[in-house]
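Working notes for the structure below.
Proteins get letters first, then strands, A, B, ... in listed order; numbering begins at 1 in each.
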Amino acid sequence: MSTEAAHDRPNGLDVLRQEREKKLALMQEHGIQPFRSMADSPVPLREAHAWLLREEEQHILEHRKKEDEHSQDTEVLTVAGRVMQLRDQGKSCFIHLEDFSDRLQVWFRKDILGEEPFEIVKLLDLGDIIAVTGTVMRTRRGEPTLLAAELHPLVKSLLPLPEKYHGLQDREMRYRKRYLDLVSDPESRHLFVLRSRIVRAVRTLLDERKFFEMETPVLQAIPGGGEAKPFTTHWNALHQDVYLRIATELHLKRLLVGGFERVYEIGRVFRNEGLSTRHNPEFTTLEVYQAYASFTDMMQLCEDIIVAAAHAAWPLSSQSYWVPEEVREAIQSCTDVARTLVTMTHQQHGYPRDTLRAIATLTSSLVSDLEHVRTTVGRHVEQHGHHPVVALDRALRNARRHASLLHHATESLFEWAVLNRLQSIDIPEEDAAPGVLPVAPREIAVEAAAILDVLEEMESDAEQDPLMRLATADGPPINLHPPFRRASMADLIQEATGINALAEWGQLERHVRALGGTPEPGAEQGELFFQLYEEHVEPNIIDPTFVTHYPTVVSPLALRCMDDDRFTERFELVVNGRELANAFTELNDPRDQRERFNEQMRRRERGNEEAHRIDEDFLEALEIGMPPAGGMGMGIDRLIMLLTESPAIRDVLLFPMMRQSPGDHAATAEE
RNA sequence: GCCCCUAUAGCUCAUCGGUAGAGCAGCUGACUUUUAAUCAGUUGAGGCAGGUUCGAUUCCUGCUGGGGGCACCA
């Protein structure tokens with residue numbers, strides 16, 4: 001992979017790689033064999049945290065008095081993960097281990113681990129993947145920590161990770177080397193969890209409604225179903241050019257002919273076009289077809305899909321605000337109690353003052369954590385211009401940590417009370433904060449545990465109403481609460497411009513000009529009508545709106561309205577000025593379809609490469625007879641952009657299409 | 001396809017045309033409860049090709065990659 005020049009004069013990266021290879025060799029001299037399989041499955045780090053809490057609860061509830069008894073039966077756990085931070089202190093070393101579920105501190109001590117294994121610790125680098133066996137405990141500062149008894153390096157990372165605090169900032173690198181982005185940025189990882197959940201939610205909803213998921217060919221002899229230039233490839237065995245599909249439409253409709261009444265496909269389609277924040281040459285579409293249904297049925301389905309997807313992505317936020325009221329109240333009362341207790345200890349002897357102090361500070365930290373989490377969304381977007389998952393992650397991690405420490409401290413207080421045979425601590429009335437009654441240490445402990453439980457359950461994505469999304473960093477909020485607005489294009493034009501286009505049909509060119517537009521020469525009335533919509537209505541639509549009744553001239557695949565053949569039974573769902581879905585009552589008249597194909601052919605002959613080609617087989621299918629049907633297409637990537645507040649399609653694609661970089665050329669040339 | 005912005009060390013950022021600085025990571029040393037650990041020392045760099053200039057990372061041109069906007073679309 002390295003170029004010749006790099007061998008002559010090693011660059012900084014080569015030096016770093018060599019350094020790590022040296023350590024790898026040293027490890028192997030100690031009998032370590034990295035890059036091997038692992039004998040037992042490790043415990044996920046999140047479970048290690050939970051295990052510690054359960055263990056502590058047990059400890060306190062059983063009123064254990066002998067400390068040594070506690071340490072004897074502490075269970076030994078094996079965890080595994082990537083080394084993300086390293087704090088070496090000579091004869092002791094702290095690291096942070098991260099797996100998909102969580103992050104856990106691990107403490108290596110020379111006296112516990114032993115001389116030789118501790119030398120292995122010294123050979124660890126950021127990015128290494130290791131397994132550690134030990135017992136879970138808490139450090140003096142209260143951080144849950146695995147005290148290591150054994151270390152098993154699993155993988156030696158030979159290249160440095162991006163900077164530990166700022167992460168990978170270079171957008172190009174984030175797209176090209178997504179694995180680095182994912183390793184170093186929990187936000188990025190999280191976004192693709194959301195993507196997965198959203199797609200799953202769409203499938204689940206359609207499955208529940210008895211739609212069959214179908215897989216139609218990607219390689220096609222005649223790419224059809226949309227207006228786009230296809231990618232061309234070659235089938236060697238048959239000496240025949242084939243194309244990558246540009247839509248799934250025509251094959252799904254063949255299935256309607258074949259007797260399937262409800263089908264859908266979530267599939268990758270390919271269009272030989274440029275790149276932009278909204279376009280990637282390959283992208284994912286949902287296409288749904290339902291026999292004996294019309295575009296109004298599709299409207300309802302479309303709305304249901306979006307709402308279901310939003311809820312699936314942000315599952316815990318059905319309440320308008322993510323911190324449950326009772327948690328806030330519990331924290332408030334804990335704060336009051338703790339403050340009172342602290343003032344009391346100034347006057348009275350015998351109270352565990354440090355514990356009380358800790359409770360007081362921790363509760364107030366927790367309150368501010370939660371405030372922080374609440375305001376984080378707006379502030380983060382404002383400052384960084386992108387969605388706030390990572391900031392939330394951090395804020396929430398702090399909140400969890402403080403709640404965990406609070407839990408710890410309140411249990412110490414409870415333990416102290418048990419030892420001193422105190423059911424409750426009496427508070428002189430003059431010291432009590434308003435509304436504070438005699439304190440039962442047990443109750444504080446239980447409350448703290450409850451707070452922690454709730455926080456533990458919470459995902460960082462639960463910060464807000466799932467149906468309120470932000471358009472852009474400084475843009476308006478988008479309200480996805482159903483029902484979505486439904487309005488005909490004519491009404492929307494009248495609303496925006498005051499023009500009654502239906503009544504003034506024939507004078508639209510004048511109106512287009514009057515409003516600053518430039519009509520295409522020879523444009524039909526329907527096209528002028530559509531131009532008014534595109535220029536004066538669509539960009540201003542923020543909240544989801546079903547725009548219905550498109551002019552026939554711009555809707556070659558849709559059925560005409562029965563009562564007015566200038567318009568079709570079609571809608572597009574527009575959100576934030578962009579088209580998110582497109583649906584109509586499908587054209588099923590083979591004669592009409594043939595005529596429209598012929599028109600497309602004439603356009604091709606005039607040089608429009610994107611015009612449809614005639615698909616004789618599809619026409620034959622229609623001649624067999626396709627039931628009346630509603631059909632809808634939806635851009636899945638755009639749906640995900642909307643729900644995750646991502647400004648660019650590349651942010652929601654794991655591996656967006658990138659131009660070959662010069663480095664890639666060199667690598668290819670060597671092969 | 002057009003317009004604007006951008007490229008400095010493995011990563012994140014500095015540097016009125018005059019010897020290229022820092023933090024993290026790395027390396028050497030100290031440190032057995034650290035939290036972006038700390039302390040002392042230390043290695044390492046201006047995308048490529050031209051031009052202007054006594055002198056260019058800095059100014060200009062071209063190329064290449066990237067970002068943003070327009071156009072096209074989903």
Task: Nearest-0.5 Å distance that lies between atom CZ in A/R17 and atom OG in A/S157 - done: 10.5 Å
TODO: Dump the intermediate steps for side-chain hydrogen bond (donor to acceptor under 3.5 Å, both in side chains) on A/T216 and A/R245, then the final yes or no.
DONE: CA-CA 10 Å; A/T216 64; A/R245 68 180 173 192; 3.3 Å; yes
Task: Base orientation of B/G46, syn vs anti, 90° cut from 0 - done: syn
TODO: Look at the side chain of A/D125 and decide which nucleotide, out of B/C11, B/G26, B/U32, has an atom nearest to it.
DONE: B/G26
TODO: Ignoring the backbone of A/K164, work out which of B/U34, B/A25, B/U33 is nearest its side chain.
DONE: B/A25
Task: A/Y289 versus A/E287, side-chain donor and acceptor atoms under 3.5 Å - done: yes
Open item on the list: Assess, by modelled atom type and distance only, whether the side chains of A/R87 and A/Q105 contain a donor and an acceptor separated by less than 3.5 Å.
Closed with: yes
Task: A/F94 ring over B/A37 six-membered base ring, under 5.5 Å and 30° - done: no
Take atom [atom1] in [N] and the same atom in [M], then report the distance between them in whole Å.
N     : M     : atom1 : result
B/U8  : B/G66 : C1'   : 16 Å
B/U52 : B/U57 : C1'   : 16 Å
B/U28 : B/C11 : C1'   : 22 Å

- [ ] Check every strand shown and say whether A/D637 touches a base, only sugar-phosphate, or nothing at a heavy-atom separation below 4.0 Å.
- [x] nothing
- [ ] Have a look at A/R171 and say if it touches a base, only the backbone sugar-phosphate, or nothing, with a 4.0 Å heavy-atom cut-off.
- [x] sugar-phosphate
TODO: With sequence neighbours excluded, tell me which residues meet side-chain hydrogen bond (donor to acceptor under 3.5 Å, both in side chains) with A/E163.
DONE: A/H166
- [ ] For A/F118, enumerate each residue passing the ring pair (Phe, Tyr, Trp, His ring centres under 6.0 Å) test, keeping only those at least two apart in sequence or located in another chain.
- [x] none
TODO: Convert the base pairs of RNA chain B into dot-bracket notation, remembering that pairs crossing earlier ones are written with [ ] and that bases paired across to another strand are shown as |; include only Watson-Crick or G-U pairs under 3.5 Å.
DONE: (((((((..((((....[..)))).(((((.......)))))....(((((..]....))))))))))))....
Task: Under-3.5 Å donor-acceptor pair between A/Q89 side chain and B/U38 base - done: no
